[in-house]
**Student:** 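Following this message is one structure expressed as structure tokens.
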Number of protein chains: 2
Amino acid sequence: MRKFTSRNLLKNNKLKVTPQRTLLLDIISKYGHIDTDSIVTEITSTLPSVSVATVYKNLSTLIENGIVKEVNFPGKKKMYELNINKHIHLVCSKCGNIRDIDMSESLLKEKFRDIIDDEIDDFNINFYYTCKSCKKS
Amino acid sequence: MRKFTSRNLLKNNKLKVTPQRTLLLDIISKYGHIDTDSIVTEITSTLPSVSVATVYKNLSTLIENGIVKEVNFPGKKKMYELNINKHIHLVCSKCGNIRDIDMSESLLKEKFRDIIDDEIDDFNINFYYTCKSCKKS
DNA sequence: CTTATTGCAAAGGTTTTGCATCGCT
DNA sequence: AGCGATGCAAAACCTTTGCAATAAG
């Protein structure tokens with residue numbers, strides 16, 4: 001069982017390990033959920049010459065390889081997250097804060113077995129609610 | 001209890017009833033899930049002078065009023081649907097066909113009460129699987 | 001009659017492409 | 001050494017804005 005370093009994620013998928021890619025993965029991992037704008041800002045603060053084209057191309061290949069996942073919150077910009085552990089999102093309708101809740105495919109399948117008996121390849125689940133600190137104010 | 005005509009949806013929300021708006025709602029209703037490109041194509045086939053700006057502005061106001069909802073399927077264009085009855089999406093990973101499954105907030109809350117005990121304002125739920133006809137081929 | 005909506009054209013933002021160079025393996 | 005990845009600049013998309021003209025209530 002290997003460690004989930006950015007480097008290993010790439011190697012395990014037979015992708016070339018470049019500074020741009022490992023940094024991209026490090027950043028996505030650090031932020032949890034991040035949009036392309038912030039990725040470019042963050043990445044160029046360490047490697048100033050990285051171009052947006054490289055960021056977009058790498059996001060595509062990482063998604064194709066199942067390492068990264070696109071996440072959408074309606075009305076917000078597309079975000080990206082690591083596709084390592086299956087989870088759902090609890091999003092505060094007021095402040096936008098996102099909490100990840102681990103959720104296995106098998107548990108989900110059980111919850112929805114009244115509705116879907118097919119095999120589930122993947123899922124997107126977001127719940128919108130008002131978080132504790134936003135309820136106070 | 002009023003009928004859910006496009007006209008009534010607008011009137012109930014104190015929005016002006018214009019030909020562009022009722023047609024937009026009719027189209028979204030007809031297609032179930034539709035992106036802006038197809039909306040513009042469809043709408044101009046009936047009212048040729050409608051501009052994209054009008055479509056975008058109307059989508060915004062309809063969303064603000066809770067009549068329309070943005071739906072995202074990662075890797076695809078943004079789509080729009082009527083926000084009339086709560087439902088989840090079953091999406092075929094192969095052919096992309098989308099099936100709506102009615103689901104009340106209360107039923108959902110029950111399924112996830114082990115995870116979230118707060119009040120749920122809204123949700124986005126998509127399951128990806130392989131549909132019957134795609135399994136054959 | 002008043003005010004929101006429309007259509008147009010321009011601007012702004014985001015993502016993709018082509019191609020020459022560079023650098024992993 | 002070979003082939004994929006990178007950076008750049010341009011192109012292609014997608015969405016918003018400002019404003020004058022129009023039409024809904």
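For clarity, every value in this text was computed on a predicted model and none was experimentally measured. Letters A, B, ... mirror the listed sequences (proteins, then strands); counts begin at 1.
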**Student:** Might you confirm whether atom NZ of B:K76 has over 12 heavy atoms from other residues, nucleotides or ligands at distances under 6.0 Å?
**Tutor:** no
**Student:** Return the value, rounded to whole Å, for the distance between atom NZ of A:K76 and atom P of C:dT14.
**Tutor:**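 The distance from NZ of A:K76 to P of C:dT14 comes to 14 Å, rounded to the nearest Å.
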**Student:** What are the residues of residues 40-63 of chain B, sorted by number, that bring a heavy atom to within less than 4.0 Å of DNA chain D?
**Tutor:**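 Under 4.0 Å from DNA chain D: B:A53, B:Y56, B:K57.
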**Student:** Atom CG of B:L10 and atom C1' of D:dA23: how far apart are they, to the nearest Å?
**Tutor:** 15 Å
**Student:** Could you tell me which non-hydrogen atom of A:I27 sits nearest to which non-hydrogen atom of A:I39, and how far apart they are?
**Tutor:**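 Closest heavy-atom pair between A:I27 and A:I39: CD1-O, 4.4 Å.
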**Student:** Is any side-chain heavy atom of B:I101 closer than 4.5 Å to a side-chain heavy atom of B:H87?
**Tutor:** no
**Student:** May I ask you to list the residues of residues 65-74 of chain B, by number, that have any heavy atom positioned under 4.0 Å from an atom of DNA chain D?
**Tutor:**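 Output list: empty, so none.
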**Student:** Closer than 4.0 Å, any side-chain N/O of A:T36 to the OP1 or OP2 of C:dT15?
**Tutor:** yes
**Student:** Could you give the distance from OG1 (A:T61) to CG (A:L10), rounded to the nearest 0.5 Å?
**Tutor:** 8.5 Å
**Student:** Can you tell me how far the CD1 atom of A:I28 sits from the CG atom of A:N58, to the nearest 0.5 Å?
**Tutor:**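 A:I28 CD1 to A:N58 CG: 9.5 Å, rounded to 0.5 Å.
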**Student:** Can you measure B:L15 atom CG to D:dG25 atom C1' for me and round it to whole angstrom units?
**Tutor:** 13 Å
**Student:** Among A:F127, A:F73, A:Y128, A:F123, find the residue that satisfies the ring-ring contact (aromatic ring centres under 6.0 Å, His included) test when tested with A:H89.
**Tutor:** A:F73
**Student:** Could you give the CG-to-P distance, from B:L25 to C:dT5, as a whole number of Å?
**Tutor:** 13 Å
**Student:** Looking at B:D26, B:L25, B:V17, which hits side chain to side chain contact (heavy atoms under 4.5 Å, CB included) with B:R7?
**Tutor:**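 With B:R7 as partner, B:D26, B:L25, B:V17 yield a single side chain to side chain contact (heavy atoms under 4.5 Å, CB included), made by B:V17.
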**Student:** Mark yes when over 12 heavy atoms from residues, nucleotides or ligands other than B:E105 sit less than 6.0 Å from its CD; otherwise mark no.
**Tutor:** yes
**Student:** What are the atom names and distances for every N/O pair under 3.5 Å that joins the protein to nucleotides 20-24 of chain C?
**Tutor:**
residue : atom : partner : partner atom : Å
C:dG23  : N2   : A:K16   : NZ           : 3.1
C:dC24  : O3'  : A:V17   : O            : 3.3
C:dC24  : O2   : A:K16   : NZ           : 3.3

**Student:** Would you mind reading off the distance between A:D37 atom CG and D:dT15 atom P, rounded to a whole angstrom?
**Tutor:** 16 Å
**Student:** Looking at B:D121 and B:K86, what are the two nearest heavy atoms and their distance?
**Tutor:** O-NZ, 4.2 Å
**Student:** Rounded to whole angstrom units, what separation is found between the CG atom of B:L24 and the C1' atom of C:dT6?
**Tutor:** 14 Å
**Student:** Hey, are A:D35 and A:S38 close enough side-chain-wise for a donor-acceptor pair under 3.5 Å?
**Tutor:**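 A:D35 and A:S38 do have a side-chain donor-acceptor pair below 3.5 Å.
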**Student:** Just the rounded figure in Å: distance from C1' of D:dG25 to NZ of B:K14.
**Tutor:**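 B:K14 atom NZ is separated from D:dG25 atom C1' by 14 Å.
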**Student:** Rounding to an integer number of Å, can you tell me how far B:L23 CG sits from C:dT5 P?
**Tutor:**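 It works out to 17 Å between those atoms.
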**Student:** Between B:Q20 and D:dA23, is there a contact of a side-chain N or O with OP1 or OP2 at under 4.0 Å?
**Tutor:**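 B:Q20 to D:dA23 OP1/OP2: no side-chain N or O under 4.0 Å.
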**Student:** Which pair of heavy atoms, one from B:K109 and one from B:D118, lies closest together, and at what distance?
**Tutor:** NZ-O, 3.2 Å
